[in-house]
Asks: 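Can you read through this structure? Questions will come right after.
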Amino acid sequence: MADFEPRIVAFCCNWCSYAGADGAGVGRLQMPTNFRIIRTMCTARVDPEFVLRALSKGADGVIVLGCHPADCHYIGGNYRARRRIALLRLILEQYGFDAKRLRLEWVSASEGEKFQNTMTEFVNTIKALGPTPVQKEVN
Amino acid sequence: MSFFDRFKKKDNKKEEPKVDNKEKFAVKKDATAPSLCGCGAGKTAESVEANYSKMADLGELLPGAPPGGKINLAIYWAAACGGCDVSILDTNEKILTIGDMANIVMWPIAADGKEKDIEAMEDKSITVSIISGAIRNSENEHMAKLLRKKSLIVVSYGTCACFGGSPALANLVAGGSKEILNYVYEKTPSTANFQKDYHPGKPIVPQTKCTVPEGDLTLPTLFDTVKTLDQVIDVDYFIPGCPPLQESISQLLKAVVDFAYHGVALPPKGTEIGVTQTSLCDQCPRHKEFRRITKIYEPFQVNIDPDLCLMDQGILCLGPATVGGCNARCTRAGQPCRGCYGPTLEVQEHGASAMTAIASLFPVLDDDGTIGEDQIIDIMSTIKDPLGYFYAFTMGKSLIKMAVKEKGGQ
């Protein structure tokens, strides 16, 4: 268990968080490499099905990153996303997941440092939670 | 004279020409497959009425036995309530003439065919097997596999067979079959008292095998997860619905009749019979306004406006995520859609689809830019039991099919 390296899917919105991640990279900020970024145009593009699919395929955690409230490129996309993610967290809890496996965070284009901190923190959370409880399908 | 012969029309009694058995199922090249969907893929918006699923035209009554002799028909129920079997009787007087077309070799609810009779038949000798219900125990699985072996066409009939239906909600019991049996036989008030009074300290629970003086008695094994029919066997057609509509059944019947009598090609494999290309909202006659949900009501808590969309009235309806085909019977009657017809054709996750739609209907608040995530969770918590609500009928087909258990980390 000590050498458990989680696999994390990070959905980043094109306008803020992806640029934020880029900024973190350009600034050479050190952070764990356990996550794979998927760029979406907006957090509202992240269908809960994406998250469930990631979890069903063995992701240990999913993080959705978007523009700060009132800062969405599409005006209201992140408001919708946060409602969906909140509801999805309730559903994941009902499944028996620890809701901490799904996280929503706001990272703007200039917040490379926040991106670094968020990802480090999230990776540590998932490491503490252990591997995903989803079992590989038998058939 | 068989029971069904009494209902035969006189002018249908003339002998049908015998056809060589080899040509019995030869498909005519020029014959076209009948359109089974309520609206074809290439259809434009002709009229709203055209969107409604209609009864297939079966003519007056079926014209006696098919040219190649009667076909074999098997109807089986797995983990089902029996409503699907009853819905087959919804074909009204047509059900009586089905006896002219087919020998019903198995129908546990109504006819006397047994497992050994099916086993004695040749492979592929049953033309159509209609199987309703989810696969929940070893007997269900065995019979589904047996019927698949003996049948040309297997139809997954009803929501339980197609998507798991309400039996599949049992997948959310973390302890699986053991916990379920334990609860049912030892914990419910009636059984707990019974066990306490009659078998104190040693509750009687069903065993898969039991030896009595006359020999061994066996019971099927309950599975930990409820499966859909197509997760166990290869399925040719799907008819969703809880139960499927009369219109869907008539369309299936028409396809089978055309195939058996005229050699018309069957629809492509995997077709969902009796559904439209669009969501239920398209068939629902209610007037949609600016749908925003600020407070959720159950249907009994409000006087439902008969013309206004149920979402506008604060009643959660799964219509936006559910495929059309049922002619919106529930919403017409003032009850919200619970999603028994399953997801639209391109979607796998019915629940996630419904959840996406409904979560977006909660309006953006004036102070939405400043409130924290906890408040959003409070708002969304007004939906009680979201997992059970959004996946009421489709748990068996969802991406995460069963309850999980966190093991804890470092």
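Below, chain A is the first sequence line, B the second, and so on; all start at residue 1. Please read all numbers here as calculations on a predicted model, not as lab measurements.
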Asks: Report yes or no: do S360(B) and R84(A) form a side-chain donor-acceptor pair below 3.5 Å?
Replies: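 A donor-acceptor contact under 3.5 Å links the two side chains.
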Asks: I need the K407(B) NZ to T132(A) OG1 distance, nearest 0.5 Å.
Replies: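 If we round to the nearest 0.5 Å, K407(B):NZ and T132(A):OG1 are 7.5 Å apart.
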Asks: For L87(A) and A359(B), work out which heavy atoms get closest and say how close.
Replies: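 Where L87(A) meets A359(B) most closely, the heavy atoms are CD2-CB, 4.1 Å.
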Asks: Quick check: do E349(B) and R53(A) have side-chain heavy atoms less than 4.5 Å from each other?
Replies: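 No - every pair of side-chain heavy atoms lies 4.5 Å or more apart.
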Asks: Please state whether the side chain, the backbone, both or neither of A174(B) comes within less than 4.5 Å of a heavy atom of chain A.
Replies: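 Neither the backbone nor the side chain of A174(B) comes within 4.5 Å of chain A.
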Asks: Does any heavy atom of chain A fall under 4.5 Å from the side chain of L365(B), the backbone, both, or neither of them?
Replies: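 Both backbone and side chain of L365(B) come within 4.5 Å of chain A.
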Asks: Testing R82(A), R103(A), R89(A) one by one against E373(B) for a side-chain hydrogen bond (donor to acceptor under 3.5 Å, both in side chains), which residue passes?
Replies: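 Only one of R82(A), R103(A), R89(A) forms a side-chain hydrogen bond (donor to acceptor under 3.5 Å, both in side chains) with E373(B), namely R82(A).
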Asks: Do P69(A) and D368(B) have side chains that get closer than 4.5 Å, going by heavy atoms?
Replies: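 Answer no - side chains too far apart.
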Asks: What's the separation between atom CG in L399(B) and atom CZ in F50(A), rounded to the nearest 0.5 Å?
Replies: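 If I round to the nearest 0.5 Å, the distance is 11.5 Å.
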Asks: Looking only at atom types and distance, does a side-chain atom of Q94(A) sit under 3.5 Å from a main-chain N or O of L387(B), one as donor and one as acceptor?
Replies: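 Side chain of Q94(A) to backbone of L387(B), a donor-acceptor pair under 3.5 Å: yes, one is there.
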Asks: Do P48(A) and M355(B) make a side-chain contact, defined as non-hydrogen atoms from C-beta onward lying under 4.5 Å apart?
Replies: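 Side-chain contact under 4.5 Å: yes.
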Asks: With a cut-off of 6.0 Å (strictly less than), are more than 12 heavy atoms of other residues, nucleotides or ligands near CD of E179(B)?
Replies: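 For E179(B), atom CD is crowded (more than 12 foreign heavy atoms under 6.0 Å).
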Asks: Which answer fits D385(B), side chain, backbone, both or neither, if we ask what part of it has an atom under 4.5 Å from a heavy atom of chain A?
Replies: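 For D385(B), backbone and side chain are both near chain A.
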Asks: Main chain of A352(B), side chain of E49(A): is a donor-acceptor contact present, judged purely on distance under 3.5 Å?
Replies: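 Here the side-chain-to-backbone pair does not exist.
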Asks: If I measure from the heavy atoms of chain A, does S353(B) come under 4.5 Å with its side chain, its backbone, both, or neither?
Replies: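 Neither part.
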Asks: Please determine whether the number of non-hydrogen atoms from other residues, nucleotides or ligands lying under 6.0 Å from atom OH of Y18(A) exceeds 12.
Replies: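 Open.
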Asks: More than 12 foreign heavy atoms under 6.0 Å from NZ of K100(A): is that the case here?
Replies: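 At most 12 heavy atoms, drawn from other residues, nucleotides or ligands, come within 6.0 Å of this atom.
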Asks: If you count every heavy atom of other residues, nucleotides or ligands that lies below 6.0 Å from D366(B) atom CG, does the total exceed 12?
Replies: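 It does not: D366(B) CG has 12 such atoms or fewer within range.
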Asks: About how many Å separate CD of Q348(B) and CG of L52(A), when rounded to the nearest 0.5 Å?
Replies: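 Reported to 0.5 Å precision, the distance equals 10.0 Å.
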Asks: Run the side-chain contact (heavy atoms from CB on, under 4.5 Å) test on I376(B) and Y79(A) for me, step by step, so that the C-alpha distance in whole Å, both residues' side-chain angles and the decisive distance to 0.1 Å come before the verdict.
Replies: CA-CA 10 Å; I376(B) 299 291; Y79(A) 295 147; over 6 Å; no
Asks: I377(B) versus chain A, heavy atoms under 4.5 Å apart: side chain, backbone, both or neither?
Replies: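 Both parts, backbone and side chain.
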Asks: Got a sec: does the NZ of K178(B) have more than 12 other heavy atoms crowding it under 6.0 Å?
Replies: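 Not buried by this count: 12 neighbours or fewer within 6.0 Å.
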Asks: Using non-hydrogen atoms only, which part of R80(A) is less than 4.5 Å away from chain B: side chain, backbone, both, or neither?
Replies: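 Side chain only.
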Asks: Taking the side chain as C-beta and beyond, is there a heavy-atom pair between L361(B) and R83(A) under 4.5 Å?
Replies: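 In short, these two side chains do not touch, never coming nearer than 4.5 Å.
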Asks: Non-hydrogen atoms of chain B under 4.5 Å away: do they reach the side chain of I126(A), the backbone, both or neither?
Replies: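 Nothing of I126(A), per the 4.5 Å heavy-atom cut-off to chain B.
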Asks: Could you look at I400(B) and say if it's the side chain, the backbone, both or neither that has a heavy atom under 4.5 Å from chain A?
Replies: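 Both parts, heavy atoms under 4.5 Å.
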